[in-house]
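Just dropping this structure here.
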Number of protein chains: 2
Amino acid sequence: MMSAETLAPMVAKLARRSCLDEEARAHLLALPHSLRKIEARQHIVRQGDRARHSALLLDGFAYRHKIVGDGGRQIVSVHMKGDLVDLQNSFLNAADHNVQTLTDALVAFVPRDAIAALAAQNAQIGMALWIDTLVDGSIFREWIANVGRRDARMRTAHILCEFAVRLEAAGLSQGPSYGLPMTQEQLADVLGLTPIHVNRTLKGLERDGLIARDKRSLRITNRARLAAVGDFSDQYLHLEKQSVSLVAAAQ
Amino acid sequence: MMSAETLAPMVAKLARRSCLDEEARAHLLALPHSLRKIEARQHIVRQGDRARHSALLLDGFAYRHKIVGDGGRQIVSVHMKGDLVDLQNSFLNAADHNVQTLTDALVAFVPRDAIAALAAQNAQIGMALWIDTLVDGSIFREWIANVGRRDARMRTAHILCEFAVRLEAAGLSQGPSYGLPMTQEQLADVLGLTPIHVNRTLKGLERDGLIARDKRSLRITNRARLAAVGDFSDQYLHLEKQSVSLVAAAQ
DNA sequence: CGGGGGTTTGAGTGAGCTCAACTATCGTGG
DNA sequence: CCACGATAGTTGAGCTCACTCAAACCCCCG
């Protein structure tokens, strides 16, 4: 249940952006947790929950979404291996949105207080978690701009580029093709469009040779042009290592 | 330049959501900083900047925005007294968006490393800053849903409610009326609409007796109905005190 | 009293929506 | 192995919400 390496994907993700020495890594790997295999389409957190645990996604895909007054659903983020999917829901009093699996998934539930204690005690870990939250915010901002100010074609191209880059960064892409584990309806809820319009938009991108589709898997055939169409730059993903000095912190 | 109480609005804001004892408050107030008065419509941070300082808004209003490929602008957040307007831009390598004043403003620039050091050294402060970032994220998510899945009328009503609640929380509202220091064009860039449509939408809300307008000041005449129209609940603002236990942290 | 930023109004257009039907794919049980 | 149902994707036709373009209008300020 708690083998030494279970949480490795999460550590790997944090270590991509922040400096974590051996001690910090060991502490993270030693976090108490319970593992659960969760089937596709199941809820991990429901809006209003007062969770005492944070969910870490160790394998599979998940997404977070909100339901608005007239029944519409908006997906606000999509998560993959290694992601901390609901720090916010456990550190803020009540969950302000839902978290649900997209595919079968392996999830570790870590007591919130254990994370808080570790962050307080080890500056590298505190900073790494904070930076992870900041990057989350950066992606949210890009999505606001995407949904607010780009038309359907740009918007779709943009999100496809984002997924491609993030899958690569997470070491999940096998070549240029990736199986996006999402239905067109779910993609529509990411993009703030209707599934019908997403369908037509994807066909448009395919007709123009930017992507190829086969059943439910999708391949980007012209990355540069897709990025141009989608006004995509990976800057907002902050993939490189961040250079916050913690030397001063040791004062 | 660095009187003991200059940074008080920021401390007040953090203390609204997190527990800060006297020591923590004193540390925060003692942060080194330089003050600048900045006129309306001036940039505080430009996309791409590599800032070594974080901006704290001590007085006035500011907003963050992104420019998309075809020239459109999307405002991703609006800030008021006490807000930490660009932690992200200074802790992540390069600014992924712009920060600009809406009105004349008083801004304190605090060296990033001083904040990092303080967060590392004092667990309450580290947690308070992290929670502030998490709440930021929560608001971003709501905006994604707002822009993605609500029509113009709901969307506008929703944002007007958010502003009213946040102004109150910041102690800035004098009665039920508030002067929104924003042009309809800026509001349009918040909402992902055109200024013309914002104008018509506001008139619609006014006609229905939900708001009243006089010149550039705006008054909510029926808060309950406006909230209903805008599908607004203040849950996502997480205004109450968060209850993360740091006792364990002292272990 | 003239100019400029912001607001208001009108008329026509179009991107993306709704409704509805049809097709393809896949898993399951007979 | 086929029939069936369920889920997802595709296509067409018509509509509407929000956009564009264009022209006042208003108010503040110099």
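Numbers restart at 1 for each chain; the letters A, B, ... are given by sequence-line order, proteins then strands. Any value given below was found using the heavy atoms of this structure, including those in side chains, with hydrogens, waters and symmetry copies removed.
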Problem set entry | A:R149 and B:D70 ion-paired at < 4.0 Å | no
For this session: Look at the side-chain N and O atoms of A:T183 and state whether any lies under 4.0 Å from the OP1 or OP2 oxygen of D:dA8.
Result: no
Problem set entry | C:dG10 base / B:R200 side chain donor-acceptor hit below 3.5 Å | yes
Seminar exercise, completed: Taken to the nearest whole Å, CD/A:Q186 to P/D:dT7 is 13 Å
Problem set entry | Interatomic distance where CG belongs to B:L180 and P belongs to C:dG6 [whole Å] | 14 Å
Exercise. Using a cut-off of less than 4.0 Å, is there contact between a side-chain N or O of B:Q184 and OP1 or OP2 of C:dT8?
Worked result: yes
Exercise. Whole Å only: how far is the CG atom of A:D70 from the C1' atom of C:dT18?
Worked result: 14 Å
Exercise. Is B:L193 touching bases, backbone alone, or none of the nucleic acid, heavy atoms closer than 4.0 Å?
Worked result: sugar-phosphate
Exercise. Whole-Å distance between C:dC17 P and A:D189 CG?
Worked result: 11 Å
For this session: Rounded off to whole Å, could you give me the NZ-to-C1' distance for the A:K203 and D:dG9 pair?
Result: 10 Å
Exercise. With a non-hydrogen cut-off below 4.0 angstrom, is B:R41 in contact with a base, only sugar-phosphate, or nothing?
Worked result: sugar-phosphate
Problem set entry | A:R153 CZ - C:dG14 C1' separation (whole Å) | 17 Å
For this session: Tell me what A:R213 touches on the nucleic acid: a base, only sugar-phosphate, or nothing, going by heavy atoms under 4.0 Å.
Result: sugar-phosphate
For this session: Respond yes when some side-chain nitrogen or oxygen of B:N199 is under 4.0 Å from OP1 or OP2 of C:dT7, and no when none is.
Result: no
For this session: Give me the one residue out of B:R64, B:R17, B:R141 that meets salt bridge (Lys or Arg N to Asp or Glu O under 4.0 Å) with B:D136.
Result: B:R64
Exercise. Taking for each residue the nucleotide of DNA chain C bearing the nearest heavy atom, is the 5' side occupied by B:I196 or by A:A152?
Worked result: B:I196
Problem set entry | The single option from A:D83, A:L7, A:V107 passing side chain to side chain contact (heavy atoms under 4.5 Å, CB included) against A:L58 | A:L7
Exercise. So do the side chains of B:H43 and B:D49 get within less than 4.5 Å of each other, counting heavy atoms only?
Worked result: no
Exercise. A:H197 has an atom NE2; how far is it from atom C1' of D:dG12, in whole Å?
Worked result: 15 Å
Exercise. Can the ring centres of B:Y236 and B:H158 be said to be less than 6.0 Å apart?
Worked result: yes
Exercise. What is the distance, rounded to the nearest whole Å, between atom CZ of A:R149 and atom P of D:dA18?
Worked result: 13 Å
